[in-house]
2 protein chains.
Amino acid sequence: MMEHDIFRALADPTRRTIFEKLAAGSMNASALRQGMDISQPAMSQHLAVLRAAGLVREQKEGRFVNYEVDPDGLALIAEWLAKYRAYWPARIDALRLLLKDMDQ
Amino acid sequence: MMEHDIFRALADPTRRTIFEKLAAGSMNASALRQGMDISQPAMSQHLAVLRAAGLVREQKEGRFVNYEVDPDGLALIAEWLAKYRAYWPARIDALRLLLKDMDQ
DNA sequence: ATAACACATAAGCACAGACTTATGTGATTC
DNA sequence: GAATCACATAAGTCTGTGCTTATGTGTTAT
């Protein structure tokens, strides 16, 4: 199940860091490694997990592979979260404001 | 970090099922086990993980312990998700509609 | 008071998964 | 065309974690 892949992928702190870096801008695997003290194979494996979860997608450019955030993964999380809207606290007003922001 | 506990807790399919059951209505640990083929200690351990993550909270009633969804956990997920709003696809319009629904 | 109950905790085991080193694959450079 | 580069894959190791059985703690019932 896709939902399982998503949560399992995000359960690892290293992968969340990678995702966060990609959210700040598309990058190839080597650039992602900068300042992360992680081996090249480890990075490649993490990216494979994120890709399988639909959180990240690749775009081959010669011998480089550019990675970027895949909106589909975020949509799955949003849909999962929406199932429990009955329990959303008032604090989620912040989220509502953000969405209102998107209307502009 | 709290964020880590949340994603790690939800990475387990059994715990997601438990959370889903609790979202349908508060229950004690024994009731949760119904139709789940899971031992009593396993259930207790899963609930401890969900509680530590802030996804679930307990309410002691005599020798029973009633469990319910804790909105705080969901809020943390929503806040994490909000960080990446720049990448939200149009599909998340569904979420916007739900929020509009809450205004009533 | 003693038994039965609801749940938590302890200890041990088995498997998943995050890492390592080594090697493979395809593209670029010289 | 040989070397180098960017990345993927393979195989093995080690830690984390979800399970088990056994036992502990507190509550209700008889």
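A, B, ... follow the sequence lines: proteins, then strands. Residue 1 opens every chain.
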Could you check how far [atom1] of [X] sits from [atom2] of [N], rounded to whole Å?
X	N	atom1	atom2	result
Leu32(A)	dA8(D)	CG	C1'	15 Å
Leu47(A)	dA18(C)	CG	C1'	14 Å
Arg33(B)	dC7(C)	CZ	P	9 Å
Ile38(A)	dA8(D)	CD1	P	12 Å
Ile18(A)	dA18(C)	CD1	C1'	12 Å
Glu58(B)	dG26(D)	CD	P	14 Å
Arg16(A)	dA18(C)	CZ	C1'	14 Å

### Task
Kindly state which residues belonging to residues 59-70 of chain B come within less than 4.0 angstrom of DNA chain D, counting heavy atoms of the residue only, listed by number.
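Result for residues 59-70 of chain B: Gly62(B), Arg63(B), sorted by number.
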
### Task
Output every pair passing ring-ring contact (aromatic ring centres under 6.0 Å, His included) with a member in residues 21-44 of chain B, not counting sequence neighbours, ordered by first then second residue.
none

#### Entry: Pair listing, ring-ring contact (aromatic ring centres under 6.0 Å, His included) test, anchored in residues 5-25 of chain A, at least two apart
Phe7(A)-Trp80(A), Phe19(A)-Trp80(B), Phe19(A)-Tyr84(B)

### Query
How far apart are the closest heavy atoms of Ile38(B) and Ala42(B), and which atoms are they?
CG1-CB, 3.6 Å

### Message
Which heavy atom of Ala9(B) sits nearest to which heavy atom of Leu50(B), and what is that distance?
### Response
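The answer is CB-CD2, 4.3 Å.
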
### Message
Using OP1 and OP2 only, check whether a side-chain N or O of Ser39(B) sits under 4.0 Å from dT20(D).
### Response
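Affirmative; the distance criterion is met.
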
### Query
Under a single-linkage definition using a 4.5 Å side-chain heavy-atom cutoff for Ile, Leu, Val, Met, Phe, Trp and Tyr, are Leu32(A) and Tyr87(B) assigned to the same hydrophobic cluster?
yes

#### Entry: First of Gln40(A) and Arg51(B) reached from the 5' end of DNA chain C, by closest nucleotide
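Comparing both residues, the 5'-ward one is Arg51(B).
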
### Query
Which of these, Leu10(B), Asp72(B), Asp70(B), Asp5(B), sits in a side-chain contact (heavy atoms from CB on, under 4.5 Å) with Leu55(B)?
Leu10(B)

### Query
Is there a residue in residues 19-29 of chain B whose heavy atoms reach under 4.0 Å of DNA chain C, and which residues are they?
Asn28(B), Ala29(B)

### Query
Can you find a pair of side-chain heavy atoms, one from Gln34(A) and one from Met27(A), that are under 4.5 Å apart?
no

#### Entry: Arg15(A) side chain near Glu20(A) side chain, heavy-atom distance below 4.5 Å
no

List, with names and distances, any nitrogen or oxygen atoms from the protein found under 3.5 Å away from nitrogen or oxygen atoms belonging to nucleotides 15-18 of chain D.
from    : atom 1 : to       : atom 2 : distance (Å)
dT17(D) : OP1    : Arg8(B)  : NH1    : 3.4
dG18(D) : OP2    : Arg15(B) : NH1    : 2.9
dG18(D) : OP2    : Arg15(B) : NH2    : 2.9

### Task
Indicate, with a heavy-atom threshold strictly under 4.0 Å, whether Ser44(B) touches base, sugar-phosphate, or nothing.
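It contacts base atoms.
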
Quiz: residues 57-65 of chain A side-chain donor-acceptor pairs under 3.5 angstrom, not counting sequence neighbours:
from     : atom 1 : to       : atom 2 : distance (Å)
Arg57(A) : NE     : Glu68(A) : OE2    : 2.9
Glu58(A) : OE1    : Arg51(A) : NE     : 3.3
Glu58(A) : OE1    : Tyr67(A) : OH     : 3.4

### Task
Give a yes or no on whether a salt bridge exists between Glu3(A) and Lys83(A), defined as a side-chain N under 4.0 angstrom from a carboxylate O.
yes

### Query
Rounded to the nearest 0.5 Å, how far apart are CD of Glu79(A) and CG of Leu74(A)?
11.0 Å

